[in-house]
Amino acid sequence: MQISLKGRNGVILGVANKRSIAWGCAKSLAREGMRLAFTYVGERMEETVRGLAAECEGSIVLPCDVTKPEEIDSAFASIAKEFGHLDAVVHGVAFARREELQGDFHSLSKEGYMIAHEVSAYSLTAIARRALPLMEGREGSIVTLSYIGGERVIQNYNVMGIAKAALEASVRYLAADLGPRGIRVNAISAGPIRTLSASGVSGFTEMLDNIAEKAPLRRNIKADEVGDTCLFLCSDLSRGITGSTIYVDAGYHIMGV
Ligand code: NAD
């Protein structure tokens, strides 16, 4: 069984800059020969994403705000035209308003709830539906990024915790739905990493310190380590795995408080 991804195509949603976990995933996939389509949100991000994509041979860059169905359709139409088929989808997209990532959970507004769930959870299903025709007969792999705050109460993670619970449930339902077509769907539950999104979570530095103190490996993890697990999940080496959440968190999830 080989890990080489030559001749395979993937789409990566969620690269904002070189700290993004999705960029760690992109580097691992490109290293093994996968051709990649990168998506970005808004004109401000385009230049940075184009700069990073230039490091990955043969890649293309497309706008795709997951709250805009017409933009998703257009991105996948371009992918179909350029690539013909898809073997992998990496979903590294999440958003919640800053005020919803601190303070009392019970003050969560309906609007804040809806925004976080639309971008961070529903989008996985919306993207999978568009990818499906391009993955038919390909034994494709869909990978998303989660966090332990979807299973346990993590201070200040609040609305994103329930969005991650919905995301992980979506992984199981999609895996059951798409498995008969040979498409696998899995999540990576990553330990905390200092990224643009993470900077919105109040008390993030304390979260990092807590992991370094309590996780079995006594350290935090790097985006590259998530990237290599993503590579495994997008390769034939993981061909028997679907519907799973795999932890890349220095072992933190096995510990008591
Ligand atoms: P990041 O800020 O680099 O990436 C988040 C991405 O989501 C950005 O590229 C942003 O453009 C994109 N995004 C936001 N709204 C969007 C929209 N409407 N349409 C399309 N894209 C949109 O941060 P990150 O930490 O690399 O986050 C990637 C994923 O990893 C997220 O799902 C996050 O919850 C998850 N995660 C992060 C950590 C962490 O500690 N950083 C830990 C576990 C899981």
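We count ligands from 1, going down the list as the structure has it; atoms in each ligand are counted the same way.
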In chain order, what residues pass the salt bridge (charged side-chain N to carboxylate O under 4.0 Å, His left out) check against D209, with sequence neighbours excluded?
-> none
Pairing of R219 and E225 as salt bridge, 4.0 angstrom limit | yes
Interatomic spacing from CD1 in I60 to CZ in F83 - rounded to 0.5 Å = 4.0 Å
Scan residues 166-192 for pairs that pass ring pair (Phe, Tyr, Trp, His ring centres under 6.0 Å), counting only residues two or more places apart or in two chains.
-> none
Write out all pairs satisfying side-chain hydrogen bond (donor to acceptor under 3.5 Å, both in side chains) with one or both partners inside residues 22-34, taking only residues at least two apart or from two chains.
-> K27-D224, S28-D228, R31-D228
Taking every non-hydrogen atom, the tightest pair across I211 and P192 = CG1-CG, 3.6 Å
Hey, which residues fall under 4.0 Å of ligand 1 on heavy atoms?
-> G14, V15, A16, S20, I21, V41, M45, C64, D65, V66, T67, G92, V93, A94, F95, V119, L145, S146, Y147, K164, A190, G191, P192, I193, T195, L196, S197, A198, F204
